[in-house]
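The structure under discussion appears below in the form of structure tokens.
What you see is a predicted model; the values in this text were computed from it and never measured.
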Amino acid sequence: MNRRFLALPLIVLALTACADKPPVADAVYLNARIYTANPDLPWAEAMVVRDEKLTYVGDNDTASGYRAMEKIDLDGRLVLPGLIDAHVHPGFIAMYADLLPLPEAEDRESQMRDIARLIADNPDKDLIFAIGWNNEFFGTTGPHRRDLDALESSRPVLIFDITMHSLWANTRALELSGIGEDPVDPWPGVAFFQRDENGDLTGYVTESAAFSLAGSLTEVREQEEQVLREFLSDLKKDGITAVFDAGNFGRDDEVYGAVTRMDERGELPVRYYGSYSIMLPAQYDTAVEELKRMHESYRSENVRVDTLKVFYDGVVETRGAHLLKDYSDMPGHRGASLFGVDNLKQLILDLDRENLHLHIHTIGDQAARSALDAVELAQTELDRQVRSRITLTHLQVVDEADYARFAELGVIAQFTPAWHGHDHGYYYPALGGRADTPYPVQPILEAGAKVSFSSDVYFPSEWHDGSASPFTGIQVGHTRQYREDAPHGPTGLESEKLGIDVLIDGYTRGAAWQLGQEGVQGMLKAGYLADFIVLDTDLFTMPAHTISELEPSAVFIGGQLVQGSLQPRDWHAMLSRRER
């Protein structure tokens, strides 16, 4: 008799016994209030983790049937997917950690007093390198070096404006920089060295020209990797489990090299997605090849560089944002875009061929329209939607006629909600009536577009004042009121006060889509990575003006507790301690 047939009953019995055993898990979480960001099942009460992924999200009864070493009763606490900062600059934070911050000033006179005090308080520094002057106080032509020379003429002084898109230099700094008396403007009208009526340099320098000047007088420091790790660790404390690095102005290799070393040592606090940035027309021809090089050089389970970041226009503060109509205070001037629509279309086709993504800085309505036009031309040529994830970021001014085009073309709208408070008066001189409807998230969402959210933090004082926290973005996006104005100060458009669920979705599901990580991150759903956070207070019902003070009690990445604990905390006591 064939021995194989004798073995069959034993195999059947063994399989039957296995089928009767409950499924195995690493951990089971019960009795939670889980916001999943999954449109098919927005809320759940339990979830199961095995091998760094979720194997079940749903009801307590089903989850209780799993065998696990740990079964954790969350006692009604709120669980969210791990939050994703979809546009931030960790490398900037590290490289400019020593920037001296100026206090917020009320007018030009107090600004100059603060600068004088900052210089006097730092007599031992060979270079005064600071940030914080207000563009509003110095008109459309910017500040002049003679005012800095009156305060300090022997040492170089470099001070970034509050947006870090322009720089104010004294004469000594210009001399030591080596740029000469008549440097070439790298991007006329946007990135330039301001000159007076005699053609002499004023010391006001914008965009990439500013970073080039600063780079000539500063150097990368060994401790920057430590600062980078500390910043990413603080993001993790705030519930961020993944970041998109939106560029480092020519120092990408240094930053991604540091990130990779951290990852190899097992010290990288969050999942890291990077970009290669272009900010000058001359970079156009080599952009895709340079991105491909970085994509091959910096990649692991936790690190990926697969996005081209294009600084397509400037900012309103320097009058470099590209507008459909002239600036209200500069007749005949509309700003400029980095290159034409046809060039951008070709970049899109090249990136589509390589399955790489595109992230476009678009502040002005003309920049946004040109970018959408380029996408439309590319898709017409391909006769399909592009494979690349194309994101337009910032979107301070968007023409109403373009709202629906985001959904129609499959373009992601990326916003920084922490900027969405009431600042109509600040921008009205430059924008006129266009300042009435800034950052139009709601109509773009209502038209069916995918939206992601971010902090866009890029200088140290923003890190230390809590601007990097996603909960700051959620509070301001929900109230349209800056933290310092809460709860009774001025607010922005009532129609733009976004729901808490909308904001969470933008920091989770929308951000994952932007990164090409849908199906992997951004929701709490079976098969997805077990990246999640636990809150001791209910974000959906707490007083809106206190949301920015939130900090998760526990953060999990790949099912592992990487921050905090699951011991209950007294939220109200913690909040009162912070207020003291």
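Looking at T391, D313, T393, L344 one by one, the single match for side chain to side chain contact (heavy atoms under 4.5 Å, CB included) with I360 turns out to be L344.
Because its NZ or CZ atom is not both nearer than 6.0 Å to the ring centre of F129 and within 45° of the ring axis, K125 does not count as a cation-pi partner of that residue. Relative to the six-membered ring of W513, R389 meets both conditions, a distance below 6.0 Å and an angle of at most 45° to the axis.
Residues R261 and E264 are not paired through a salt bridge, judged by the lack of any N-O separation under 4.0 Å between the basic side chain and the carboxylate. A salt bridge links D182 with R195: at least one charged nitrogen is closer than 4.0 Å to a carboxylate oxygen. A salt bridge is defined here as a Lys NZ or Arg NE, NH1 or NH2 lying under 4.0 Å from an Asp or Glu carboxylate O, and R265 with E225 meets this definition. A salt bridge does not link R146 to D149: none of the charged nitrogens lies less than 4.0 Å from a carboxylate oxygen. Between D485 and R480 there is no salt bridge, since none of the side-chain N atoms of the basic residue sits less than 4.0 Å from a carboxylate O of the acidic one. We find that K345 and D373 are not joined by a salt bridge, their nearest charged nitrogen and carboxylate oxygen being 4.0 Å or further apart. Here R108 does not pair with E136 in a salt bridge; the nearest charged N to carboxylate O distance is not below 4.0 Å. Between D329 and R319 there is a salt bridge, since at least one side-chain N of the basic residue sits less than 4.0 Å from a carboxylate O of the acidic one. In this structure, R293 does not pair ionically with E296, as no charged nitrogen and carboxylate oxygen lie closer than 4.0 Å.
Taking the side chain as every heavy atom from C-beta outward, N343 and Q346 never approach each other to under 4.5 Å. For the pair L291 and L351, the minimum side-chain heavy-atom distance is below 4.5 Å. L151 places a side-chain heavy atom less than 4.5 Å from the side chain of M112. Counting only heavy atoms from C-beta outward, the side chains of L358 and T307 never approach each other to under 4.5 Å. P438 is not listed as a side-chain neighbour of V397, based on a closest heavy-atom distance of 4.5 Å or more. R434 has its side chain within reach of S328: a pair of non-hydrogen atoms, C-beta onward, lies under 4.5 Å apart. In this structure, E496 and V441 have side chains that are in contact, with non-hydrogen atoms separated by less than 4.5 Å. At least one side-chain heavy atom of L392 sits under 4.5 Å from a side-chain heavy atom of L372.
Note: T286 OG1 to K292 NZ = 12.5 Å, rounded to the nearest 0.5 Å. The structure places CG of L127 at 6.5 Å from CG of L217, a figure rounded to the nearest 0.5 Å. Taking CG of L323 as the reference point, atom CE of M330 lies at 11.0 Å (rounded to 0.5 Å). The CG atom of L174 sits 6.5 Å away from the CG atom of L213 when rounded to the nearest 0.5 Å.
Under a 3.5 Å cut-off, the side chain of N248 and the backbone N or O of G250 do not form any donor-acceptor pair. With hydrogens and angles disregarded, no donor-acceptor distance shorter than 3.5 Å links the side chain of S388 to the backbone of H357. For T206 (side chain) and S166 (main-chain N/O), no donor-acceptor pair under 3.5 Å exists by modelled atom type. Side chain of Y312 to main chain of F339: a donor-acceptor pair is present (N/O by atom type, distance under 3.5 Å, no hydrogens or angles). At distances below 3.5 Å, not a single donor-acceptor pair connects side-chain atoms of R172 with backbone N or O atoms of V157. Side-chain atoms of T416 never come within 3.5 Å of backbone atoms of W419 as a donor-acceptor pair (strictly under, hydrogens ignored). Within the 3.5 Å criterion, the main-chain N or O of L148 finds no donor-acceptor partner in the side chain of N170. Without hydrogens or angle criteria, D161 side chain to M164 main chain gives a donor-acceptor distance under 3.5 Å. Between the side chain of H165 and the backbone N or O of G314 there is no donor-acceptor pair closer than 3.5 Å. With hydrogens and angles disregarded, no donor-acceptor distance shorter than 3.5 Å links the side chain of S370 to the backbone of A367.
In terms of heavy-atom proximity, I363 sits nearest to A321 at CG2-CB, 3.5 Å. Across every non-hydrogen atom of I159 and G132, the tightest pair is CG2-N, 4.3 Å. Annotation for L395 and A368: closest pair CD2-CB, 4.1 Å, computed over non-hydrogen atoms. In this structure, D252 and S277 approach most closely via the heavy-atom pair OD2-N, 3.5 Å. When all heavy atoms of L232 and M262 are compared, the closest pair comes out as CD1-CE, 4.5 Å.
Looking at residues two or more places apart in sequence or on another chain, you find a side chain to side chain contact (heavy atoms under 4.5 Å, CB included) between R304 and Y273, H295, D306, Q517. By the side-chain hydrogen bond (donor to acceptor under 3.5 Å, both in side chains) test, Q481 pairs with no residue at all, sequence neighbours left out.
In this structure, H333 and Y327 have parallel ring planes: the angle between them is below the 30° cut-off, well short of the 60° mark. A tilted orientation is assigned to the rings of F249 and F92, their planes being inclined by 30° to 60°. Below 30°, between 30° and 60°, or above 60°: for H420 and F415 the angle between ring planes is above 60°, a perpendicular geometry. The aromatic rings of H87 and H359 lie tilted to each other, with the angle between the two planes from 30° to 60°. Aromatic ring pairs are classed by plane angle as parallel below 30°, tilted from 30° to 60° and perpendicular above 60°; the pair H89 and Y458 is perpendicular. Using a 30° and 60° split on the angle between ring planes, Y507 and F453 fall in the tilted class, from 30° to 60°.
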Assess the residue pair R483 and D465 against the criterion (salt bridge (charged side-chain N to carboxylate O under 4.0 Å, His left out)); give the C-alpha distance rounded to whole Å, side-chain angles, the decisive distance to 0.1 Å, and a yes or no. CA-CA 11 Å; R483 287 174 296 171; D465 73 7; 3.8 Å; yes
For the pair S154 and E152, evaluate side chain to side chain donor-acceptor pair (under 3.5 Å) and give the outcome as yes or no after the intermediate values. CA-CA 6 Å; S154 60; E152 177 61 72; 2.8 Å; yes
Take D85 and S455, measure what side chain to side chain donor-acceptor pair (under 3.5 Å) needs, and give me the verdict at the end. CA-CA 6 Å; D85 193 329; S455 70; 2.6 Å; yes
For Q226 and R229, what are the C-alpha separation, side-chain angles and deciding distance, and is it a side chain to side chain donor-acceptor pair (under 3.5 Å)? CA-CA 5 Å; Q226 176 63 29; R229 182 165 55 249; 2.3 Å; yes
Go through the steps for D107 and S110 under the test side chain to side chain donor-acceptor pair (under 3.5 Å), then give the verdict. CA-CA 6 Å; D107 51 39; S110 61; 3.0 Å; yes
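Note: W133 and F138 meet the aromatic proximity criterion, with ring centroids under 6.0 Å apart. Centroid-to-centroid, the aromatic rings of W168 and H144 stay 6.0 Å apart or farther. The ring of Y272 has its center no closer than 6.0 angstrom to the ring center of Y298.
By the 6.0 Å contact criterion, CD on E104 is open, its count of non-hydrogen atoms from other residues, nucleotides or ligands being 12 or less. No more than 12 heavy atoms of other residues, nucleotides or ligands sit less than 6.0 Å from atom CD of E106.
When only modelled atom types and interatomic distance are considered, T202 and D196 share no side-chain donor-acceptor pair under 3.5 Å. The closest side-chain donor-acceptor pair between H424 and D436 falls under 3.5 angstrom.
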